[in-house]
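Working notes for the structure below.
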Amino acid sequence: MRRLKPGVRLLFGWLAFFLLLQLPVAAQENWTLRKNDKGIQVYSRKTDSFRINELRVTTVMQAKLSQLVAAITDIQEHEKWVYKALNTKLLKRNSATDLFYYTEVDAPWPFDNRDVVMRMLVEQDAKTKVVTIHTLNVDNVYPFQKDIVRILVSRGKWSIMPVSTNQLQIEYRIQVDPGTGVPAWLINFFATNGPYETFLHLREHIKLPKYAEARLDYLAN
């Protein structure tokens with residue numbers, strides 16, 4: 001069997017990666033509004049191929065693009081705004097827009113904590129200035145930890161559209177399976193609180209001077 005050249009293998013690898021990232025978008029647009037409070041809307045929907053509901057968050061934030069993206073890519077600070085996040089750390093950075101990170105998730109008793117290893121890719125449309133941030137779980141980057149259940153399915157997508165110089169329209173989609181031991185009905189029942197609390201805290205977190213004054217070489221405000 002003829003082996004593919006390294007460049008061709010890399011091309012197919014990236015193609016497969018982005019096809020996976022598009023899976024949540026392919027489902028039907030039958031969203032149900034679950035929570036609408038303080039300008040944050042959380043929706044959910046069932047998908048045919050997944051036991052856990054997909055979630056969608058929409059909101060408007062008073063911020064510049066660089067301000068919000070600087071906060072999202074500041075991995076070590078995720079514990080301060082991501083719901084139930086513990087021990088977050090940057091594992092590897094291929095570039096300013098391509099990085100790998102680890103997060104432990106504080107699970108309620110009697111369940112074991114979860115953890116996940118993610119890859120994050122940031123891109124911006126040169127014409128519209130819309131920023132898209134893809135996240136997808138990856139393997140073989142960080143070892144399994146004792147007494148912590150590894151999340152093997154997690155994928156998300158940020159779509160950040162500038163409305164004006166200091167206002168952003170945000171849509172965030174996430175689909176995650178926390179693994180064995182937790183029934184799907186229980187996850188789906190409590191799922192809306194996590195995204196809501198995350199965005200509520202993020203809204204305040206981005207006001208820190210280091211984000212408000214951030215300048216990102218790869219990003220146009």
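Computed over heavy atoms, backbone and side chain alike; hydrogens, waters and symmetry mates excluded.
Using a 4.0 Å cut-off between charged nitrogen and carboxylate oxygen, Arg56 and Glu54 do not count as a salt-bridge pair.
The aromatic rings of Tyr101 and His78 sit perpendicular to each other, their planes meeting at more than 60°, with 30° as the lower class boundary.
Hydrophobic clustering keeps Leu33 apart from Val42 (ILVMFWY residues linked when any side-chain heavy atoms are closer than 4.5 Å, directly or through intermediates). Under the 4.5 Å side-chain contact rule for hydrophobic residues, Leu55 and Tyr43 do not share a cluster. Under a hydrophobic-cluster definition in which Ile, Leu, Val, Met, Phe, Trp and Tyr are linked whenever side-chain heavy atoms come within less than 4.5 Å, directly or via other members, Leu90 and Ile151 are assigned to the same cluster. Linking ILVMFWY residues whenever their side-chain heavy atoms come closer than 4.5 Å, directly or via other members, places Val69 and Val82 in the same cluster. Linking Ile, Leu, Val, Met, Phe, Trp and Tyr residues whenever their side-chain heavy atoms come within less than 4.5 Å leaves Tyr83 and Phe111 in two separate clusters.
Residues passing the side-chain contact (heavy atoms from CB on, under 4.5 Å) test with Leu86, sequence neighbours excluded: Glu104, Asp106, Asn113. Residues forming a side-chain contact (heavy atoms from CB on, under 4.5 Å) with Met61 (at least two apart in sequence, or on another chain): Thr59, Leu68, Ile170, Phe199, Leu202, Arg203, Ile206.
When side chains are defined from C-beta on, Met118 does not count as touching Thr103, because their heavy atoms never get closer than 4.5 Å. Asp125 places none of its side-chain heavy atoms less than 4.5 Å from the side chain of Glu123. With contacts defined as side-chain heavy-atom distances shorter than 4.5 Å, the pair Met120/Ile133 qualifies. For the pair Ser154/Ile174, a side-chain contact is recorded, criterion being any heavy-atom separation below 4.5 Å from C-beta on. At least one side-chain heavy atom of Val57 sits under 4.5 Å from a side-chain heavy atom of Ile40. Put simply, the side chain of Phe100 reaches to within 4.5 Å of the side chain of Asn94, judged on heavy atoms. When side chains are defined from C-beta on, Lys157 counts as touching Thr132, because their heavy atoms get closer than 4.5 Å. Counting heavy atoms from C-beta outward, Thr32 and Arg34 have side chains that approach closer than 4.5 Å.
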Does the pair Ile52 and Val176 meet the rule for a side chain to side chain contact (heavy atoms under 4.5 Å, CB included), with working shown? CA-CA 7 Å; Ile52 308 300; Val176 58; 5.6 Å; no
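Asn36 and Gln41 are linked by a side-chain donor-acceptor pair at a separation below 3.5 angstrom, with hydrogens and angles left out of the test. In this structure, a donor-acceptor pair under 3.5 Å is present between the side chains of Asp74 and Tyr211.
A donor-acceptor contact shorter than 3.5 Å is absent between the side chain of Arg119 and the backbone of Val138. For the pair Arg150 (side chain) and Pro143 (backbone), a donor-acceptor distance under 3.5 Å is present. A side-chain donor-acceptor contact under 3.5 Å links Arg114 to the backbone of Asp112. Lys64 contributes a side-chain N or O that, together with a main-chain N or O of Ala212, makes up a donor-acceptor pair within less than 3.5 Å.
To the nearest 0.5 Å, atoms OG1 (Thr97) and CD (Gln124) are separated by 11.0 Å. For the atom pair CG of Asp115 and CG of Asn137, the computed distance is 11.0 Å after rounding to the nearest 0.5 Å. Interatomic distance, His205 NE2 to Leu200 CG, rounded to the nearest 0.5 Å: 14.0 Å. Here CD of Gln67 is found 12.5 Å from NZ of Lys210. Values are rounded to the nearest 0.5 Å. Separation of atoms NE2 (His134) and CG (Asp98) is listed at 12.0 Å; rounding is to 0.5 Å. Distance CH2/Trp158 to CG/Leu168: 11.0 Å, rounded to 0.5 Å.
For the side-chain contact (heavy atoms from CB on, under 4.5 Å) criterion with Lys84, the lone passing option out of Asn193, Val105, Thr198 is Val105.
Residues Leu99 and Ala96 share a closest heavy-atom pair of CD2-O, 4.4 Å. Glu77 and Trp81 make their closest contact through O-CD1, 3.4 Å (heavy atoms, listed as atom of the first residue, atom of the second, distance). Closest heavy-atom contact between Thr47 and Gln175: OG1-NE2, 3.2 Å. Here the shortest heavy-atom pairing between Gln167 and Val60 reads CG-CG1, 3.4 Å.
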Contacts table for residues 214-221: side-chain donor-acceptor under 3.5 angstrom, sequence neighbours left out:
unit_1: Arg215; atom_1: NH1; unit_2: Glu213; atom_2: O; d: 3.4
unit_1: Asn221; atom_1: OD1; unit_2: Leu65; atom_2: N; d: 3.2
unit_1: Asn221; atom_1: OD1; unit_2: Ser66; atom_2: N; d: 2.8
unit_1: Asn221; atom_1: OD1; unit_2: Ser66; atom_2: OG; d: 3.2
unit_1: Asn221; atom_1: ND2; unit_2: Ser66; atom_2: OG; d: 3.1

